Amino acid sequence: MQNDVFQREQEHLSDTWDRLSKMEKDLESRIGSIAEKAAEEKRDIRENLSLNFDGDSDSMETYIEFEVMNHAIDHYNIERDSAIEKLGRIRRLLKAPYFAKVRLRYAPDEEPEEYYIGSAGISENALEPLVIDWRSPVAETYYNQENGRTFYHVDGRRIEVELLLRRQFELSENRLHAFFDTQIALSDPLLIHSLTRQRTDKMQAITATIQKEQNAVVRHENVPVLLVGGIAGSGKTSVLLQRIAWLFYRQRDTLRPDEVVLMTLNPIFRRYIDQVLPDMGEMNPVSLTWGDFLSMAGVPGKLLSGQSGGVRTTARSLKKIEEQLPTLTLEPEDLCPVRQKNLQILSAGRIAAVLASHENIPTGERLIQISIDELKEIAKGEIRRRERDEEREGYGAGEPSAIRAGEPSAGTAGDRPAGRAEDNRIRSQYGGAFYAINTCQWLNISRIGCRLLGKKRLTSLEWLYLKMLLTGQRDLRTRYVMVDEVQDYTPAQLMVLQRYYPRARFMLLGDEFQAIREGTAAFEQIHGLFNSEVTELSLTTSYRSSPEITALFSALLPPEKQILVSSVQPAGNAPVIRAFPGHDDYAGALFRAVKNSMQEDGLTAVICAGARHMERTASLLKNCFHEAGEAGDCPVPALHAGDQLPEKGVFLIPLAHAKGLEFDGVILPDADKDTYPDTPLSRHRLYTALSRATHRLTILAQGSLSELLPEAAKP
């Protein structure tokens with residue numbers, strides 16, 4: 001019976017693959033035909049279009065001809081783009097046409113219907129799907145993992161069905177390797193096969209192995225703020241990317257990639273995930289590190305460290321700015337002249353006079369926006385007055401005016417209005433000055449902020465928050481903001497994001513116990529920052545690490561969290577944990593661990609507590625390789641923020657840059673009580689480091705092991 005089923009599924013796969021191949025050839029031919037027709041249409045345009053503007057009626061006919069022909073070309077472009085998009089889906093499916101199927105019965109007296117589920121949807125006609133997209137409503141029955149009565153949603157309506165069969169496939173191209181009929185996640189062979197594969201320098205999509213609790217996050221309703229807390233290895237980042245793909249699918253006609261912002265940890269992590277969405281046929285959203293975000297928002301370079309003067313930004317300092325700003329009167333020293341190149345258009349005193357004329361309006365966005373309009377009119381008047389003055393002084397008779405050459409000097413407002421053409425000429429010629437007015441470069445944000453807070457310098461967050469309050473600077477286009485590793489953001493950072501993206505829906509993912517810096521936001525604080533709009537979900541199953549490694553890092557969690565943690569990985573090797581009293585013995589053990597890992601497949605990370613620890617470990621290994629008689633540089637590279645993960649081998653990486661990543665093996669040097677003392681922050685740091693490992697974990701210390709390591713794990 002099993003062989004018969006295998007044979008039928010192989011025949012179905014072969015037939016599907018053949019039909020996809022035929023569709024590929026047909027589309028390639030169609031795209032070529034469209035290109036030929038478009039080229040012929042363009043030739044006809046060039047040959048037959050007569051340009052006649054002798055009279056109004058002739059001009060109108062010419063414009064109509066232009067419009068008709070442009071419409072024809074646009075039609076070809078739309079048809080070609082649609083065909084290319086479909087061809088891309090087919091080519092992805094030819095690598096693996098589908099990964100699952102479901103058999104559903106809609107009513108007791110009806111015949112069951114079967115649906116094959118793949119990474120993309122395709123049909124030969126509008127009625128019969130060959131493969132359905134994993135994001136389609138009916139595919140929800142597969143991810144519900146409930147045989148018998150289940151459901152899916154279509155446009156907010158719940159459709160009740162009976163799931164008769166949930167089958168998973170392991171296949172490539174037109175060859176079926178295996179199939180499994182499964183009901184619950186913990187026994188899914190396809191999941192186990194996925195989890196035990198080697199790690200690479202790129203994250204892989206989890207489309208075929210999304211589990212029930214993950215699916216609940218991916219397909220959750222469109223709420224204002226979705227906060228997802230998950231233990232290490234629960235697939236938070238993968239779920240985030242799958243949800244972005246799901247949102248793009250569900251809002252195909254209205255949501256563009258540039259309307260979604262993904263906040264990532266660092267450039268290493270950004271490159272690690274950059275192929276997940278393209279592999280699903282979706283474009284990447286706007287991806288920003290925190291530094292990228294500050295630069296994009298216009299924060300001056302000297303403040304981009306985010307901790308100017310060594311002072312951490314607090315939520316209280318931002319609230320103080322918000323509370324005190326309306327009572328502040330702007331002084332001439334708070335303002336900067338407006339210039340075109342090196343020459344002044346508006347003085348600080350002239351700007352102060354405009355602001356003072358609105359003494360009944362509190363300092364803030366309304367006052368600044370009203371002033372911007374007035375300042376632009378005053379600037380135009382002064383430019384016109386100066387041009388007339390220069391012409392009277394003799395520049396007009398054949399010699400170009402200095403002001404017309406873009407070299408104005410200060411003057412008083414003009415007294416004669418200009419026409420639209422003249423206004424456009426002035427705005428174009430003096431674009432730098434008008435850009436400075438529109439972008440409020442005439443406000444000395446740093447001085448205003450220092451007066452408000454009574455301090456000598458502002459941090460980057462204080463500067464940006466004040467500018468937003470003063471000028472109304474914000475992003476009104478972005479519809480979704482996704483923040484990964486949210487536990488590493490401070491309340492002040494989240495306040496800035498919330499104000500900068502006022503129309504966006506937020507998805508925040510993190511693990512409170514991976515907060516490795518002081519002062520970051522706890523989930524309780526996040527609820528307070530976003531008021532009552534937060535919907536919180538949890539992910540408690542670890543799909544990353546072996547049971548032995550999971551047991552070790554989960555022992556660092558509070559008892560009430562430990563009992564919720566489980567691993568679905570097969571049993572593996574126990575972590576190696578050793579301490580050495582002397583430096584030489586410790587160095588030798590570290591060297592042997594690295595050498596052994598160099599013989600293993602996949603990636604092994606030597607995770608160091610910080611940059612100085614990494615430098616010291618790199619120097620130690622270099623000496624060890626030299627003493628072992630191995631010529632050349634140390635074969636273990638050290639990764640920094642701008643680097644990319646290697647495809648395989650052993651490398652050093654600081655803990656801050658290892659966050660969010662996973663490796664086949666992890667070596668943790670310096671696991672002593674001084675590097676990881678018994679404090680809550682060190683507990684988080686150790687938990688984060690240990691949980692990066694999937695299959696192999698070696699923990700080494702010189703002197704006494706950290707007291708945070710469970711007694712049962714110590715040798």
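Because the structure is a prediction, the values reported are computed rather than measured.
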ring-ring contact (aromatic ring centres under 6.0 Å, His included) evaluation trace for F293 with W290: CA-CA 5 Å; F293 167 73; W290 185 252; 5.1 Å; yes

Trace of the side-chain contact (heavy atoms from CB on, under 4.5 Å) decision for L690 with I699: CA-CA 9 Å; L690 301 183; I699 302 171; 3.5 Å; yes

Donor-acceptor side-chain pairing of Y543 and E662 below 3.5 angstrom: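 Their side chains do not contain a donor-acceptor pair, so the 3.5 Å distance test is not met.
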
With F651 via ring pair (Phe, Tyr, Trp, His ring centres under 6.0 Å) - residues at least two apart: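 With sequence neighbours excluded, F651 shows a ring pair (Phe, Tyr, Trp, His ring centres under 6.0 Å) to F663, given in chain and number order.
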
Okay, side chain of [X], backbone of [Y]: is any donor-acceptor separation there less than 3.5 Å?
X    : Y    : answer
Y676 : L705 : no
E170 : A178 : no
E647 : L603 : no
R544 : A232 : no
K659 : Q514 : yes
T675 : A671 : no
S682 : T679 : no
T550 : S545 : yes
E548 : G572 : yes
E512 : F523 : yes

Test item: [X] and [Y] side chains (from C-beta on) under 4.5 Å apart, heavy atoms:
X    : Y    : result
L247 : V260 : no
D511 : T688 : no
L621 : L652 : yes
D664 : E600 : no
K648 : D601 : no
N144 : N215 : yes
T313 : V496 : no
L464 : L303 : no

Give, for atom [atom1] of [X] and atom [atom2] of [Y], the distance between the pair rounded to the nearest 0.5 Å.
X    : Y    : atom1 : atom2 : answer
T541 : I231 : OG1   : CD1   : 7.0 Å
H177 : L13  : NE2   : CG    : 9.0 Å
T237 : M482 : OG1   : CE    : 12.5 Å
I244 : L240 : CD1   : CG    : 4.5 Å
I117 : K101 : CD1   : NZ    : 11.0 Å
D274 : L262 : CG    : CG    : 11.0 Å

Closest contact, heavy atoms only, [X] versus [Y]:
X    : Y    : result
E707 : D678 : OE1-CB, 4.0 Å
L700 : A593 : CD1-CB, 4.4 Å
W17  : L94  : NE1-O, 2.9 Å
L686 : S706 : CD2-OG, 4.3 Å
S119 : W134 : O-CD1, 3.7 Å
V666 : A689 : CG1-O, 4.1 Å

Derivation and outcome, side-chain contact (heavy atoms from CB on, under 4.5 Å), residues M507 and Y480: CA-CA 8 Å; M507 184 179 185; Y480 292 93; over 6 Å; no

Non-neighbouring partners of S287 that pass side chain to side chain donor-acceptor pair (under 3.5 Å), sequence neighbours left out: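 Partners of S287 under the side chain to side chain donor-acceptor pair (under 3.5 Å) test: none.
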
With Y98 via side chain to side chain donor-acceptor pair (under 3.5 Å) - residues at least two apart: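 Testing Y98 for side chain to side chain donor-acceptor pair (under 3.5 Å), a comparison that skips the adjacent residues, returns H12.
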
Parallel, tilted or perpendicular: rings of F99 and Y143 (30°, 60°):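 Answer is tilted, since the angle falls between 30° and 60°.
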
Aromatic ring pairing F513/Y687, orientation class (parallel under 30°, perpendicular over 60°, tilted between):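 Perpendicular, since the angle between the ring planes exceeds 60°.
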
Derivation of the side-chain contact (heavy atoms from CB on, under 4.5 Å) call for L277 and L241: CA-CA 7 Å; L277 286 168; L241 295 170; 4.2 Å; yes

Residue pair V239, V228: steps toward the side-chain contact (heavy atoms from CB on, under 4.5 Å) verdict: CA-CA 10 Å; V239 166; V228 180; 5.8 Å; no

Worked verdict on S295 versus D292 for side chain to side chain donor-acceptor pair (under 3.5 Å): CA-CA 5 Å; S295 296; D292 294 334; 5.8 Å; no

Has [X] got more than 12 heavy atoms of other residues, nucleotides or ligands less than 6.0 Å from its [atom1]?
X    : atom1 : result
M283 : CE    : no
R616 : CZ    : yes
N573 : CG    : no

Chi angles and distances behind the side chain to side chain donor-acceptor pair (under 3.5 Å) call for Q10, S14: CA-CA 6 Å; Q10 176 62 70; S14 298; 3.1 Å; yes

Residue from V486, V261, L227, L497 passing side chain to side chain contact (heavy atoms under 4.5 Å, CB included) with F506: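 In the set V486, V261, L227, L497, the residue that makes a side chain to side chain contact (heavy atoms under 4.5 Å, CB included) with F506 is L497.
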
Residues R135 and E282 bridged, charged N to O under 4.0 Å: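 Salt bridge between R135 and E282, a charged N being under 4.0 Å from a carboxylate O: yes.
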
